[in-house]
2 protein chains.
Amino acid sequence: MELTTAEENYLKAIYHLSEEGQKSVSTNDIASAIQTKPASVSDMLRKLGEKEVIQYRKYYGLQITPLGMRLALQTIRKHRLWEVFLVDKLHFAWDEVHEVAEQLEHIQSTLLVERLDAYLNYPKFDPHGDPIPDEFGDVRSRPRIALQEMGIDQSGQIVAVKDSSPAFLRYLDKVGAYIGARIKVLDKVEFDGSVEILVDQKKTIFMSKDVANNILILTS
Amino acid sequence: MELTTAEENYLKAIYHLSEEGQKSVSTNDIASAIQTKPASVSDMLRKLGEKEVIQYRKYYGLQITPLGMRLALQTIRKHRLWEVFLVDKLHFAWDEVHEVAEQLEHIQSTLLVERLDAYLNYPKFDPHGDPIPDEFGDVRSRPRIALQEMGIDQSGQIVAVKDSSPAFLRYLDKVGAYIGARIKVLDKVEFDGSVEILVDQKKTIFMSKDVANNILILTS
DNA sequence: CTAATTATTTAGCTTTAGCTAGAATTTAAT
DNA sequence: ATTAAATTCTAGCTAAAGCTAAATAATTAG
Ligand SMILES: [Mn+2]
Ligand SMILES: [Mn+2]
Ligand SMILES: [Mn+2]
Ligand SMILES: [Mn+2]
């Protein structure tokens, strides 16, 4: 069973929107995630249903099937491995990789994926801190919470970002909030939800609720 | 001006068949090179003509335009750089790279090509000995002749192969005729055109006319 | 110089993946 | 319980890229 590039992109979007296959997703959500019209989505859902990668009931949502899950995770695995390659080997910035990985993830060659994985030394996380599924689709995920959820004086380590848009990532670069940084919450403003944090015991940063919501922390 | 994947493949085939843009090519030749039907080729030629990458006159051949040449060479550059990557970095065998490079060559990202080129240390030739065009499409080609054309006692170095099919390349691996090997023609059989050569001053190989025709030599 | 053969193109059909416009269904609000 | 609003789906169109069958042009042979 092989999927077209469009089908892979839809399935990946569905997987992400359903939060790793848990809840059901809406046609409109898929449309906006994938930058297309709801009518196109309806049509694709029918096709994906026929291919049995999702279970689709008209007007009610859809559920990704175990088969669909496996295929989605394969594509995600490739996407993230390529991102590691681009950053580690070709010295791309972490905000420059997404677009290219979006293309590279569709290259069909199991040998290529295996060799790439080995060449990169079997990385467990991509440049944005997202876990890389193994060849069987198993994801070893760490318990992580949004920086926004942390209380005053709580500390931890930045392990991932929710938003991978260049604008957001470049902002993080600017303020020095990189993956791996150790942080401690110094203060939280009730009024607007903004937070003040100490980074690596030396630098103090103020950030809005919006920003703090997109930074994921492994607490300690 | 950007081309679709299919258009890039056609243009590349046209470029190769025309022997780097010299002679004109036929519809049937393109069809068999690209494994498609002549009717499909006719249709694509019309489109490529409209995009002005070829000059097309119905029923008479076609000429690749300077623009078409530039675009074809860009794709060829990418193809060959990826082949180097696969062999040098991911340890693919030289007969395993073509199919994958055929996909990778269509990835759109000038930054990627630049970085890849630098990462590979600006290689001048691909694993099959074919020259890699620079970013402006300039190809520094070496004067080379088919092993078949050599006379007895003439010597030289294997610098490239004409045929890159796995079957042929694996045969060369088996007999030890690799790129870079120094050879000398010991004997030629008039009857069937087969030749006997000495490889690296130690090993003697017999090969058919067909094989000798697909091995390219830099004479010395 | 015709006539047969070969090469090439055109016409019309298929699939994939989009789109718009409008119909159908579900959900929310009186 | 209706009605209104929002969501989702269907119908019908387009473009790319392929196909087969048939038409047409060019080439070769007698
Ligand atoms: Mn993609
Ligand atoms: Mn990522
Ligand atoms: Mn290709
Ligand atoms: Mn090659």
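In what follows, every chain begins at residue 1, and chains take the letters A, B, ... in the order their sequences are listed.
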Visitor: Rounding to a whole Å, what distance do you find between B:M44:CE and D:dC19:C1'?
Guide: 14 Å

Visitor: Taking atom P of C:dT16 as reference, at what distance in whole Å does atom CD of A:E8 sit?
Guide: 15 Å

Visitor: Distance alone, cut at 3.5 Å: any donor-acceptor contact between the side chains of A:D163 and A:H128?
Guide: no

Visitor: What nucleotide among C:dT16, D:dC9, C:dT9 has an atom nearest to a side-chain atom of A:K47?
Guide: C:dT16

Visitor: Rounding to a whole Å, what distance do you find between B:R46:CZ and C:dT8:P?
Guide: 17 Å

Visitor: Sequence neighbours left out, what pairs pass salt bridge (charged side-chain N to carboxylate O under 4.0 Å, His left out) with at least one residue falling in residues 112-126 of chain B?
Guide: B:R77-B:D117, B:R80-B:D126

Visitor: From C-beta outward on B:L45, which listed nucleotide comes closest to its side chain: C:dT9, C:dT16, C:dT8?
Guide: C:dT9

Visitor: Not counting sequence neighbours, which residues clear ring pair (Phe, Tyr, Trp, His ring centres under 6.0 Å) with A:H98? List them please.
Guide: A:H79

Visitor: What's the CD1-P distance between A:I30 and D:dT7, to the nearest Å?
Guide: 14 Å

Visitor: When the aromatic ring centroids of B:Y15 and B:Y10 are compared, is their separation below 6.0 Å?
Guide: no

Visitor: Mind calculating the distance between CZ (B:R57) and P (D:dA25) to the nearest angstrom?
Guide: 14 Å

Visitor: Between B:N28 and B:S26, is there a side-chain donor-acceptor contact under 3.5 Å, judged purely by atom types and distance?
Guide: no

Visitor: Is there a side-chain contact between B:T27 and the phosphate of C:dT9, meaning an N or O under 4.0 Å from OP1 or OP2?
Guide: yes

Visitor: Specify the separation, in whole Å, of atom CD of B:E50 and atom C1' of D:dA15.
Guide: 13 Å

Visitor: Axis-to-axis angle across the helix from C:dC1-D:dG30 to C:dT30-D:dA1, five pairs an end, to 10 degrees?
Guide: 10°

Visitor: Reckon B:Y10 has a side-chain N or O less than 4.0 Å from the OP1 or OP2 of D:dA16?
Guide: no

Visitor: Treating primed atoms plus P, OP1 and OP2 as sugar-phosphate and everything else as base, which nucleotides of nucleotides 19-26 of chain C get B, S or - for protein heavy atoms under 4.0 Å?
Guide: BBB--BSS

Visitor: Whether A:N28 contacts D:dA6 is assessed here as follows: a side-chain N or O lying under 4.0 Å from the phosphate OP1 or OP2. Is that the case?
Guide: no

Visitor: Look at the side chain of A:K162 and the backbone N and O of A:N213, then say whether any donor-acceptor pair between them is shorter than 3.5 Å.
Guide: yes

Visitor: Please give, in whole Å, the distance from D:dT7 C1' to A:L62 CG?
Guide: 14 Å

Visitor: Contact class for B:S42 vs. all strands (heavy atom < 4.0 Å): base, sugar-phosphate, or nothing?
Guide: base

Visitor: Which residues pass the side-chain hydrogen bond (donor to acceptor under 3.5 Å, both in side chains) test with B:D192, sequence neighbours left out?
Guide: B:S194

Visitor: What's the CG-P distance between B:N9 and D:dA16, to the nearest Å?
Guide: 17 Å

Visitor: Is B:E8 salt-bridged to B:K12, going by a charged N under 4.0 Å from an acidic O?
Guide: no

Visitor: Using salt bridge (charged side-chain N to carboxylate O under 4.0 Å, His left out) as the criterion, list what pairs up with B:E96, not counting sequence neighbours.
Guide: none

